[in-house]
Amino acid sequence: MREKLQNEPEEKEGTSFGEGPFTIDEVVDKIYKGANIKLILVFITATATATQTPMQIYVTIFAGFIPYTQWKCISDKCFDLLAKTENTKEFYTSATMCDNELVAREDFEWTSDRTSFSMDWGFYCGSEAKFSTISSFFFIGATLGLLVSTAIFDRFGRRNGAIAGNLIGATATLVGTWAPSFEVMLVVRIFQGVGMFIQLTGIYCWVVELTPSHLRSMVSFSIMNIWTLGYVMITVIGYMVTKWNYIFLTVAIMNTIFTIPQLIYPISPRFALVRGREDEAKKTLQSFSRLCNNEISMDTVSLTYKERAQNYLKQLKDFKDYPTLRKETILSIIGWFIVAVLFYGFSFGWVRISSDLYLGHLAASTSKFIGYTACIPLCNWVGRKKCMLAVLAIGLLSNLLAMPDVQINDFWTLEFVACLIGNLSCSAAFGVIYLYSSELAPTSHRGMVMSLSSASARVGSFTGTYVGFLYAVADRRVPLALFAGLTCVFMVTTYFLSDPTGRRIPETPIDVEVLTGNRGFLKLEEEKAEKDKRSQPKILV
């Protein structure tokens with residue numbers, strides 16, 4: 001079918017390029033003639049909400065920071081301790097505060113010119129776990145939202161799910177602006193998580209399913225770079241805005257504004273086909289051809305697809321009936337969990353690794369950007385599988401390199417440099433696994449697979465937010481060794497996945513078996529079909 005399209009003569013604008021039947025991949029590849037300003041603007045406006053996910057994840061880091069070096073004594077107990085200290089710079093630390101059980105507003109008072117809910121609600125030393133709990137509850141909400149979103153994505157579409165997620169997240173963040181207590185903030189974080197990962201997964205699927213096959217890796221990592229831009233934005237907002245309430249308000253306003261363009265964009269044509277709405281799919285493809293400055297009439301084009309009723313129980317049963325679909329989904333879920341532990345273990349650990357909150361996070365966001373960008377040519381050059389194994393190997397070495405105690409200068413240590421490399425590695429792995437999983441999963445189950453995988457990652461994310469505590473209660477090499485071990489497990493799971501580089505996206509579970517070359521399964525299916533045919537009663541005339 002691909003060869004036929006390539007050999008056809010050039011058509012005039014507004015004419016049909018054949019009757020087909022053609023797959024969605026063939027039609028999209030035929031329509032696309034290169035990037036132009038209209039396509040770029042649509043891509044940017046459609047994926048701008050991807051910046052909101054990291055902003056809502058990390059908003060608590062900057063709105064709830066604990067200024068352990070910014071306080072002064074106000075009690076005799078505290079002044080006596082200060083008098084016994086030769087170096088006053090070393091006195092104003094978390095160790096002094098916590099080891100001597102100093103009490104805020106009784107023994108000391110904060111001197112930071114910024115506000116934070118941790119200072120307002122008394123989160124420090126023994127109660128610091130409440131700060132991590134607030135951060136981690138985002139991922140509880142994300143897990144719940146993604147489990148529910150499987151039905152949303154596969155019944156109402158990726159775009160509609162993304163819009164609903166944005167509205168939930170924006171509303172929750174707005175409420176967080178006036179959160180009066182720890183308990184209320186926990187509820188806010190749950191709804192932020194529910195909304196943001198529904199929208200991120202939904203818009204990712206929407207964009208990838210409308211992308212030419214040879215550009216999927218570039219588009220995937222471009223979305224992750226837009227995600228990283230959100231990381232930079234919340235760091236800058238956290239630095240510029242000194243009141244924690246206004247940080248929440250700023251994020252809520254931006255989330256609402258970025259949702260507006262999605263209201264006018266159509267649903268994915270691939271989703272429409274699977275749902276049996278061919279006319280709607282053709283209408284979307286017609287609009288896409290105009291955006292590409294290559295308008296093609298879809299009136300006489302026949303699209304090939306397998307219409308499936310998206311029954312949730314039937315989808316679950318398919319994992320039992322199709323072994324390759326089952327195996328690759330389980331391995332993907334394991335991989336997503338591990339990469340999330342690594343990713344957020346680094347992200348919420350910079351306060352322990354770096355001496356400056358804002359510079360540390362800006363350096364981390366830069367390493368993420370480099371990791372995502374470097375994987376674009378690497379994925380196309382060596383393939384998804386080899387690219388994943390390469391970045392994981394780099395991450396494993398960086399964790400080992402970070403173990404020796406080497407001070408480079410007042411700001412840089414060998415651990416900090418190595419952890420930046422490790423952060424680059426796990427960020428690249430996160431970007432690859434998004435692309436990897438979306439290409440392995442069939443269209444009929446992609447919403448479910450991506451949601452289950454992302455839900456698994458949210459459990460890993462929840463776990464990763466507590467890694468910082470390991471630095472406080474154990475030798476710093478313990479979390480590094482944990483990261484190294486998890487990286488090895490991730491490499492093993494990747495080894496047993498097939499490589500989807502260069503092949504078409506599967507539409508149904510049987511396509512997964514065919515594209516991966518599961519000859520044993522296909523032979524059994526043929527024998528079963530032949531047996532059923534022989535068992536049918538003959539009709540005598």
Side-chain angles (χ1 to χ4, degrees), residues 45-65 114-121 123 130-146 148-149 152 159-203 226-227 229-264 347-348 361 458 461-462 465:
T45 54
T47 59
T49 53
T51 62
Q52 299 309 294
T53 303
M55 290 181 72
Q56 294 195 25
I57 290 174
Y58 301 127
V59 65
T60 53
I61 290 179
F62 304 102
F65 77 103
R114 300 172 179 275
T115 67
S116 81
F117 58 72
S118 291
M119 288 189 284
D120 290 350
W121 301 337
F123 299 164
K130 290 185 176 181
F131 174 51
S132 294
T133 300
I134 286 176
S135 297
S136 64
F137 260 54
F138 180 96
F139 300 109
I140 293 179
T143 303
L144 296 174
L146 288 169
V148 173
S149 69
I152 297 175
R159 187 209 63 166
N160 293 336
I163 292 172
N166 275 316
L167 296 178
I168 294 171
T171 302
T173 307
L174 184 62
V175 172
T177 302
W178 300 283
S181 65
F182 169 70
E183 292 77 14
V184 173
M185 185 60 79
L186 290 181
V187 177
V188 167
R189 293 296 285 168
I190 288 174
F191 278 98
Q192 281 184 314
V194 168
M196 283 298 93
F197 273 91
I198 289 177
Q199 77 83 17
L200 180 63
T201 307
I203 203 62
I226 291 174
W227 189 100
L229 178 61
Y231 191 3
V232 175
M233 290 165 64
I234 191 58
T235 304
V236 173
I237 291 171
Y239 179 77
M240 299 294 293
V241 181
T242 59
K243 305 294 184 182
W244 75 263
N245 313 77
Y246 296 156
I247 295 177
F248 268 79
L249 181 61
T250 302
V251 173
I253 292 172
M254 294 181 68
N255 198 168
T256 303
I257 293 173
F258 288 167
T259 304
I260 295 174
Q262 294 180 357
L263 299 174
I264 64 175
S347 296
F348 284 91
H361 281 282
R458 302 296 66 81
S461 304
F462 180 90
T465 60

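Quick caveat: nothing in here was measured; it's all calculated off a predicted structure.
Between Q262 atom CD and N166 atom CG the span is 5.0 Å, to the nearest 0.5 Å. Note: M55 CE to T49 OG1 = 12.0 Å, rounded to the nearest 0.5 Å. Expressed to the nearest 0.5 Å, how far CG of N255 lies from CD1 of I253 amounts to 11.0 Å. Between Q56 atom CD and Q199 atom CD the span is 8.5 Å, to the nearest 0.5 Å. Distance check: M254 CE to Q52 CD gives 5.5 Å after rounding to the nearest 0.5 Å. Atom CD1 of I203 and atom OG1 of T201 lie 11.0 Å apart (nearest 0.5 Å).
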Begin from the C-alpha positions of I134 and F123 and carry the test side chain to side chain contact (heavy atoms under 4.5 Å, CB included) through to its verdict.
CA-CA 11 Å; I134 286 176; F123 299 164; 3.7 Å; yes
If you apply the rule side chain to side chain contact (heavy atoms under 4.5 Å, CB included), what do you find for E183 with V187, and how did you get there?
CA-CA 7 Å; E183 292 77 14; V187 177; over 6 Å; no
Show the numbers, then the answer: is there a side chain to side chain contact (heavy atoms under 4.5 Å, CB included) between V59 and I234?
CA-CA 7 Å; V59 65; I234 191 58; 4.2 Å; yes
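Shortest non-hydrogen contact noted between L200 and A50 is CD1-CB, 4.0 Å. The two residues I57 and R189 come nearest to each other via the heavy atoms O-NH2, 3.0 Å. Summarising the geometry of A172 relative to V188, their closest heavy-atom pair is O-CG1, 3.2 Å, with the distance given to 0.1 Å. Here the shortest heavy-atom pairing between A170 and T256 reads CB-OG1, 3.7 Å.
Within the 4.5 Å cutoff, the side chain of T171 has no heavy atoms near those of the F191 side chain. Between I152 and N160, the closest side-chain pair of non-hydrogen atoms is not below 4.5 Å. Side chains of T60 and F117 form a contact here, defined as non-hydrogen atoms less than 4.5 Å apart. You'll find the side chain of W121 reaches within 4.5 Å of the side chain of M185, heavy atoms only. Side-chain contact between T51 and W227 is absent, with no heavy-atom pair separated by less than 4.5 Å.
By the 30° and 60° cut-offs, the orientation of the rings of H361 relative to Y58 is tilted.
In this structure, S118 contributes its side chain and G64 its backbone to a donor-acceptor pair below 3.5 Å. Looking at S116, its side chain does come within 3.5 Å of a backbone N or O of M119 through a donor-acceptor pair.
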Can you list, pair by pair, the side-chain donor-acceptor contacts under 3.5 Å of residues 237-251, counting residues two or more places apart and other chains?
from : atom 1 : to   : atom 2 : distance (Å)
W244 : NE1    : D120 : OD2    : 2.9
N245 : ND2    : T177 : O      : 3.0
T250 : OG1    : Y246 : O      : 2.8

Compile the donor-acceptor pairs under 3.5 Å between side chains in residues 136-146 and protein atoms, sequence neighbours left out, one pair per line.
from : atom 1 : to   : atom 2 : distance (Å)
S136 : OG     : S132 : O      : 3.1
S136 : OG     : T133 : O      : 2.9
S136 : OG     : Y466 : OH     : 3.1
T143 : OG1    : F139 : O      : 2.8

